[in-house]
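Everything on this sheet refers to the single structure shown next.
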Amino acid sequence: MNSIIACHDCDLLLTLPELEMGVVAECPRCGAFLRRTQFNSLNRTLGWVSAGLVLYVIAVSFPFLSMTTKGISKTTALTSGIVVLYQQNMAGMGAVVLVTCLLAPLFSMLSLLYVLAPLRLGYRFPWAAQLFAWYLRLRPWSMMEVYMLGILISMVKLTKMALVIPGPSFYSFIGLIFVLAASSVSLDPHLVWSKLAKAHRVHQEWYPLFRFTHEKS
Amino acid sequence: MTGRKAGLISCHTCHLICPCPDLPSPEFHQCPRCGTRLRVRKTNSIPRCWALVLASFILYLPANLVPITTTTVLGRPSKSDTIMSGVIYFLDSGSWYIALIIFIASVVVPLMKLFILTFLLTSLHFGWDWLPLERTRLFRLTELVGRWSMVDIYVVTILVALVRFGAFANIEAGPGAAYFAALVILTMFAAESFDPRLIWDRMEDHNA
Ligand SMILES: [Zn+2]
């Protein structure tokens, strides 16, 4: 099925044909990336997201890095830096780190799970479209891979004066970065939107939990 | 043919093509698919982007000159580090590749981003219609690399968490780090508020 779109970078009207798997569609005028179809997109994204949630729980609940110098040792969690920044009257900066490295990735995984899991079975939960729109909008603010580079740099700096030992959280954090990257590559937003349009709406009488929503059928 | 000329709006979030609303208040017209407010172009793109770019230029100075960390040894502040002194530290200790990463991510990238946006805004101001493709690519570059400037903020966060040995040695975050975080966020908002479609609009207006 062909669909008409306008390039998001130059507003050129285009007919986007049904693409073969893995083919990248680019705007002929400005070269903007338009779409790449993915083999088994929904299932693969859901798999990565579930793995990511497990790694996330490990990453926030176990020791992250330990440092030993002159007989004193110190163990930190992933969240320690944020707490310390708050104690040093740098709450704003702590909030930036909290949002970009912990809340935004968590929100993206939870929202994908909420949208895609029912969608796989042809259903659409209340607010699924709005949640998916927020996922797309907040994507640039999830910066775990930049945090990883920061960890590597500070380890180089600290190994000169002390012994730094990575904890279980450290390894799951590295895994999480790759899993998150894989989930965002395997996701095909065009497919999600077209499936959302066709999916059955789940009404409040089916799910008493969502009684607060008022859906028009 | 562009969406604007055909009277069509492409939803900014989900890229659904919607007919241009000619209702009394088009500001409140929402995308039927994802609920995003429909706009032909980003609202006040040029003034908003100018304001954010100017604010970032002003923040650039304290972000690079005010200390981002203060190291205390045996209860006494022993040294304060700015971004540049961090780069020099890594150069002196032989890790030139780390020095290069920090220098590019923290010093070059924010400045380059601000100069590119200033150039693009100036080109729109004078209605230049040359090299639209290259200018669009420059804009995409600013979107792509901006996030990596955050790396020094994260280094500070990790250092203050790890180096806390009471009276023996301590690292505290300095106000420069807050300026720097604000700088990165403002430049990200600046890039987000810029609408590359305006580059192509000017070109078409000239051809018409
Ligand atoms: Zn285009």
Side-chain angles (χ1 to χ4, degrees), chain A residues 3-13 29-32 34 64-65 67 69-70 72 74 76-77 80-85 88 90 92-94 96-97 100-101 129-130 132-133 136-137 140-141 143 145-147 149-158 160 162 164 189-190 193 196-197, chain B residues 1-4 6 8-10 12-17 31 33-36 89-90 93 95 98 101-102 105 132-133 136-137 139-140 143 146-148 150-165 168-169 172-173 175 177-178 181-182 185 188 192 196-197 199-201:
Chain A
S3 53
I4 292 176
I5 59 160
C7 171
H8 51 84
D9 275 0
C10 73
D11 207 25
L12 184 71
L13 277 179
R29 185 162 76 158
C30 76
L34 298 173
F64 187 61
L65 288 173
M67 182 166 140
T69 180
K70 303 216 163 78
I72 328 164
K74 178 114 221 158
T76 57
S80 308
I82 297 160
V83 177
V84 175
L85 282 177
Q88 296 179 352
M90 302 286 276
M93 189 183 146
V96 169
V97 178
T100 54
C101 292
Q130 283 86 345
F132 191 63
L136 292 175
R137 263 179 234 142
W141 295 95
M143 303 194 196
E145 72 282 12
V146 185
Y147 195 75
L149 183 64
I151 293 166
L152 296 180
I153 291 175
S154 27
M155 280 177 86
V156 171
K157 196 163 187 166
L158 291 172
K160 294 218 164 73
V164 182
H190 269 273
W193 288 119
L196 274 174
Chain B
M1 192 62 170
T2 62
R4 183 180 64 140
L8 296 168
I9 301 182
S10 166
H12 188 65
T13 309
C14 76
H15 305 313
L16 180 72
I17 285 285
C31 170
R33 190 156 76 171
C34 73
T36 308
Y89 165 83
F90 277 114
S93 63
S95 318
I98 302 266
I101 292 175
I102 300 184
L133 180 62
T136 312
R137 281 200 189 128
F139 169 69
R140 265 181 230 139
E143 270 188 322
R147 53 203 280 104
W148 291 95
M150 246 356 204
V151 71
D152 245 333
I153 296 301
Y154 298 146
V155 171
V156 172
T157 310
I158 296 156
L159 288 183
V160 297
L162 271 173
V163 187
R164 270 192 307 153
F165 296 102
F168 172 59
E172 279 202 20
I185 289 183
M188 280 186 71
E192 213 162 272
R197 290 171 294 189
I199 296 173
W200 300 88
D201 285 351

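Residue numbering restarts at 1 for every chain, and letters A, B, ... go by the order of the sequence lines. Just so we're clear, the structure is a prediction, and the values are computed from it rather than from any experiment.
In this structure His8(A) satisfies the ring pair (Phe, Tyr, Trp, His ring centres under 6.0 Å) test together with His15(B), sequence neighbours excluded. Qualifying salt bridge (charged side-chain N to carboxylate O under 4.0 Å, His left out) partners for Glu143(B), counting only residues two or more places apart in sequence or in other chains: none.
Taking CG from Asp201(B) and CG from Asp11(A), the interatomic distance works out to 6.5 Å, rounded to the nearest 0.5 Å. Rounding to the nearest 0.5 angstrom, the gap separating the OH atom in Tyr154(B) from the OG atom in Ser154(A) is 12.5 Å. A distance of 9.0 Å separates CD1 of Ile158(B) from CD1 of Ile153(A), quoted to the nearest 0.5 Å. Taking CZ from Phe90(B) and NZ from Lys157(A), the interatomic distance works out to 5.0 Å, rounded to the nearest 0.5 Å.
The parts of Leu162(B) that come within reach of chain A are both its backbone and its side chain, each placing non-hydrogen atoms under 4.5 angstrom from that chain. Interface remark: Ile98(B) contributes side-chain atoms only to the contact with chain A (heavy atom separation under 4.5 Å). Using a 4.5 Å cut-off between heavy atoms, Ala77(A) makes no contact with chain B at all. Neither the backbone nor the side chain of Ile199(B) comes within less than 4.5 Å of any heavy atom in chain A. In this structure, chain B has a heavy atom under 4.5 Å from the side chain of Leu136(A), while its backbone stays farther away. When heavy atoms are compared at a cutoff of 4.5 Å, Gln130(A) approaches chain B by way of both its backbone and its side chain. Using a 4.5 Å cut-off between heavy atoms, Ile185(B) touches chain A through backbone and side chain atoms alike. Of the two parts of Leu196(A), neither the backbone nor the side chain holds a non-hydrogen atom closer than 4.5 Å to a non-hydrogen atom of chain B. Looking at Met90(A), only its side chain comes within 4.5 Å of chain B, counting heavy atoms on both sides.
Between chain B and the residues Ala162(A), Gly92(A), Cys10(A), Ala32(A), the most heavy-atom pairs under 4.5 angstrom are made by Cys10(A). When the candidates Gln88(A), Met67(A), Met93(A) are compared by the number of heavy-atom contacts under 4.5 Å with chain B, Gln88(A) comes out ahead. Each of Cys14(B), Ala161(B), Ser10(B), Ala178(B) has some count of heavy-atom pairs under 4.5 Å with chain A, and the biggest count is that of Cys14(B). Highest contact tally toward chain B, considering only Cys30(A), Cys7(A), Gly81(A), is held by Cys30(A) [criterion: heavy-atom pairs under 4.5 Å]. When each of Met188(B), Arg137(B), Met150(B) is scored by its heavy-atom pairs under 4.5 Å with chain A, the top score falls to Met188(B).
Scanning both residues, Leu85(A) and Ala173(B), for their nearest heavy atoms gives CD2-CB, 3.7 Å.
Between Leu158(A) and Leu159(B) the shortest side-chain heavy-atom distance falls below 4.5 Å. Annotation: side chain of Glu172(B) is not in contact with side chain of Val84(A) (no heavy-atom distance under 4.5 Å). No side-chain heavy atom of Leu16(B) sits less than 4.5 Å from a side-chain heavy atom of Trp193(A). With a 4.5 Å cut-off on side-chain heavy atoms, Trp200(B) and Leu12(A) do not count as touching. Leu13(A) places a side-chain heavy atom less than 4.5 Å from the side chain of Ile17(B).
Ion pairing between a basic and an acidic side chain is recognised when a charged N comes within 4.0 Å of a carboxylate O; Arg197(B) and Asp9(A) show no such pairing.
Not one N or O on the side chain of Arg147(B) forms a donor-acceptor pair closer than 3.5 Å with the backbone of Val146(A).
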